[in-house]
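These notes concern the structure reproduced below.
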Amino acid sequence: MRWVVSRKMANFAGMNDLTAKRAQRRNFWIIVAVVALTFLPWLGETVFNTKGEPREAIVAYTMLQTGDWILPVSYGGDLPYKPPFLAWCIAAVSWLFGGEVTHYTSRLPSALGCIALIVSTMVFLRRYGRSQKEAILAAMLTMTAFEVWRAGTTCRVDMLLTCFTVTSIYSLYSYFQGGRKRWLWIGIALISCGVLCKGPVGAVLPCLVIGLDRWLSGQKFLKVLGSMTVIFLVSLIVPLWWYIAACQKGGEEFLQLVMEENVGRFTGTMSYDSHVHPWWYNFVLVISGWLPYTLLLLLTLFSLRFKMLKRDNVITGLRNASLWQRFKEAAPLTRLCLVATLSIFIFYCIPSSKRGVYLLPLYPFLAYFIALYLRRMAKQGPKMVKTYGWIIAVLAFVVPIGLALIQHGVIPSGKALDGVVGTTPSILGVVAVWLSMGMAFATITTLWKDSATKSLVMTVGCTIMIYWAVSGCYQPCVLNSRCDAVIADRLAQMYPHKQLYTITGDRLSRFYSVNYYLGDKLLRFESEQPDSGLVLVPYKRAEKFLELYDSLYTFDIDYLDTHRSCEWKTPTAVYRFHRK
């Protein structure tokens, strides 16, 4: 009889395990689908409206046109400012899509990198964390943090670097926890890809984080230093081949560029200022980058009570100086996330150049703590969690209504939204708006009837669909009118067989957007100095730039395009020039 009962209990437990595994697989694929829908459908809706995206895209365009996959030269003489991994990905994707570098294909590598980052974060936290719910929430928080979402939808190198940095940390941590060598080689391969994205920093950060985590966990310093040094050096073997080939091709100019972009940027000895800010500016970047959840965190602070802090030994821990002991006794995953967050943040406080995208690798680790905090506050401070839900849900209704009124001229647009008037969003964008409004209605219903925990989940879902509407409708309506494609089209019609040059007076400033839409037809006047021809100049700065060559050339204005360039914020003038 006991044997029969035991067998039935074993069968029941086995069925429960099977059901749990099926639920995990179902949840996994649901999250993958949600993440993919957040990025992939909308990549081509917004055209290039900054200088950064076309500058990266034109490198891949040059690769496909010239067949030079090592150090392609664009704009008549510009060397790429970053290693070629992003350009390789864009060129490969564009070749698969027909050979043309488009808005969609140039942003697809970043989107795929972001998807891989979110999915791997969920899997990693589920494996080493306390529960699947916390892993899913942390992954969704990471995806919907504004800085992460923006980097995942733009043609820049930062999201790919973040993906390789974070996933290499996951791989190396898995290796040192479980001892399987495949994770070591996967981690080394990911680090090599990171180096090929943006230089040695792609190897420094993973080795720094894992090395500090192992050392602070009690392992001997020299042993940790030796193993991390070996991993660092092995991961540089493949990138070194490219650096040698590029050096042979680019010579002294390439070496100077490498030193300035890597050593000079970190030590503050660059020949030009690039996003120079004090060390505390990184706090501002993290706070703004975590929007909209910065608002939620601020609201929940009102629910914290002194007694609760004392009960949880936060104050007594500080008073008794036991933080180090509490750190050593923390769960391994908690230690890793804390070490990663602090080390990455402090590392980027050192260089004078500071941008929000530099701090992207700390977002998944910080998201783990935010997820733990919000799940707890949903139980201890439900009013503020629901207040935040109301704000997000109402925002999902107010924004499309306001945009529609501006489009039809009912509400004055203002200078910043001039391009919205008369625009018509795509069908895909309209669908995204209606989905976001439907999700907002469902969130409001949950806020009325259900618990704060479920309200938090619905609010995150509403945030995701708001991003769908932003990507598919709001952003194209606001930004597409600023694109310099209109300038390029007019120049191509007016001067179909003429060579165009540009004078900018700065080696870092170009007409990148115009050059992209013209198919890399522009040349630099400074380096070419032809006898006669046509030159593009930012109109309001024309006098400053032209006076540099006033003694050698005569300049007469030939055409003035009144469209304000998205890069120069001024109309573009075409001057006809002749050597004196």
Taken to the nearest 0.5 Å, the spacing of Thr463 OG1 from Leu291 CG works out to 11.5 Å
All heavy atoms of Leu184 vs all of Ile231, minimum pair found to be CD1-CD1, 3.8 Å
- Message: Side chains of Ser426 and Glu45: any donor to acceptor distance under 3.5 Å?
- Response: yes
* To do: Begin with the C-alpha distance, continue with both residues' side-chain angles, and end with the deciding distance and a verdict on side-chain hydrogen bond (donor to acceptor under 3.5 Å, both in side chains) for Ser131 and Arg126.
  => CA-CA 6 Å; Ser131 73; Arg126 187 178 64 187; over 6 Å; no
Heavy atoms of Pro109 and Leu160 approach each other most closely as O-CD2, 3.6 Å
- Query: Have Thr154 and Glu53 got a donor and an acceptor in their side chains that come within less than 3.5 Å?
  - Reply: no
With distance as the sole test, does Ser288 use its side chain to make a donor-acceptor pair with the main-chain N or O of Leu285 at under 3.5 Å?
-> yes
Close side-chain approach of Pro400 and Met437, heavy atoms under 4.5 Å:
yes
Leu86 side chain reached by Cys197 side chain, heavy atoms, under 4.5 Å:
no
*Any sub-3.5 Å donor-acceptor pair from Thr334's side-chain atoms to Ala330's backbone N or O?*
no
#### Entry: Donor-acceptor contact present, side-chain Trp280 to main-chain Cys349, <3.5 Å
no
**Asked** Counting N and O atoms only, with roles assigned by atom type, does the side chain of Ser192 sit under 3.5 Å from a partner on the main chain of Ser235, one being a donor and the other an acceptor?
**Response** yes
Review point. Is it true that a side-chain atom of Lys354 and a backbone atom of Asn282 form a donor plus acceptor pair closer than 3.5 Å?
Key: no
Checking Leu205, Ile344, Leu362, Val209 against Thr165 for side-chain contact (heavy atoms from CB on, under 4.5 Å), the one that qualifies is Leu205
So CD of Gln475 and CH2 of Trp42: to nearest 0.5 Å the spacing works out to 12.5 Å
Evaluate the criterion side chain to side chain contact (heavy atoms under 4.5 Å, CB included) for residue pair Val470 and Trp149; output intermediate values, then yes/no. CA-CA 11 Å; Val470 171; Trp149 169 81; 3.7 Å; yes
Under 3.5 Å donor-acceptor, Asn480 side chain and Val478 backbone: no
Item to check | Test side chain to side chain contact (heavy atoms under 4.5 Å, CB included) applied to Ile391 and Leu296, step by step | outcome: CA-CA 10 Å; Ile391 293 173; Leu296 174 56; over 6 Å; no
With a 6.0 Å cut-off (strictly less than), is the heavy-atom count around CH2 of Trp279, excluding the residue itself, greater than 12? no
Quick one: does Ser481's side chain have a donor or acceptor within less than 3.5 Å of a partner on Cys477's backbone? no
Close side-chain approach of Thr446 and Thr443, heavy atoms under 4.5 Å:
no
Nearest heavy-atom approach of Cys483 to Phe48 is SG-O, 3.3 Å
* **Side-chain heavy atoms of Leu137 within contact of Lys133, under 4.5 Å** => no
- Asp158 side chain to Tyr358 main-chain N or O, any donor-acceptor pair under 3.5 Å? no
For the backbone of Lys198 and the side chain of Lys82, can you confirm whether one donor and one acceptor N or O come within less than 3.5 Å of each other?
no
Leu117 and Pro364 have their tightest heavy-atom pair at CD1-CG, 4.0 Å
Quick note, salt bridge (charged side-chain N to carboxylate O under 4.0 Å, His left out) partners involving residues 166-192, not counting sequence neighbours, are none
Exercise. Check step by step if side chain to side chain contact (heavy atoms under 4.5 Å, CB included) holds for Ser174 and Arg127.
Key: CA-CA 10 Å; Ser174 299; Arg127 181 178 181 183; 4.0 Å; yes
Go through the steps for Ser455 and Tyr388 under the test side-chain hydrogen bond (donor to acceptor under 3.5 Å, both in side chains), then give the verdict.
-> CA-CA 10 Å; Ser455 298; Tyr388 171 77; over 6 Å; no
Closest heavy-atom pair, Cys473 versus Leu403, reported as atoms and distance to 0.1 Å, is SG-CD2, 4.2 Å
Interatomic distance, CG@Leu299 vs CE@Met384, rounded to 0.5 Å, equals 6.5 Å
message = Between Tyr170 and Thr121, is there a side-chain donor-acceptor contact under 3.5 Å, judged purely by atom types and distance?
response = yes
Distance col, row Phe85:CZ vs Leu196:CG, nearest 0.5 angstrom, shows 7.0 Å
ask   = Is it true that atom CZ of Phe369 has more than 12 heavy atoms of other residues, nucleotides or ligands lying nearer than 6.0 Å?
value = yes
With sequence neighbours left out, the residues meeting side chain to side chain donor-acceptor pair (under 3.5 Å) with Thr105 are Ser94, Thr102
Exercise. Would you call Leu374 and Leu141 a side-chain contact if the rule is heavy atoms closer than 4.5 Å?
Worked result: yes
Rounding to 0.5 Å, atoms OG1 (Thr167) and CZ (Phe124) come to a distance of 11.0 Å
ask   = Is the closest side-chain heavy-atom distance between Thr50 and Cys566 below 4.5 Å?
value = no
- prompt: Are Trp434 and Trp468 close enough that their ring centers fall under 6.0 Å?
  reply: no
To the nearest 0.5 Å, atom OG of Ser168 lies from atom CD1 of Ile191 at 4.5 Å
Are Trp290 and Tyr363 close enough that their ring centers fall under 6.0 Å?
yes
Note to self: Under 3.5 Å, is there a donor on one side chain and an acceptor on the other for Thr300 and Tyr373?
What the structure shows: yes
For the aromatic rings, using the six-membered ring if either is Trp, is the centroid distance between Phe397 and Phe441 under 6.0 Å? no
The salt bridge (Lys or Arg N to Asp or Glu O under 4.0 Å) partners of Arg156 (sequence neighbours excluded) come to none
- Would a 4.5 Å heavy-atom cut-off, applied to side chains only, mark Ile210 and Phe176 as touching? yes
Just wondering, do Leu372 and Glu134 contact through their side chains at under 4.5 Å, heavy atoms? yes
Would the Phe146 and Tyr293 ring centres measure less than 6.0 Å apart?
no
Here the pair of heavy atoms bringing Ala111 nearest to Leu40 is CB-CD2, 4.2 Å
### side chain to side chain contact (heavy atoms under 4.5 Å, CB included) assessment of Thr459 paired with Trp390
CA-CA 8 Å; Thr459 304; Trp390 276 103; over 6 Å; no
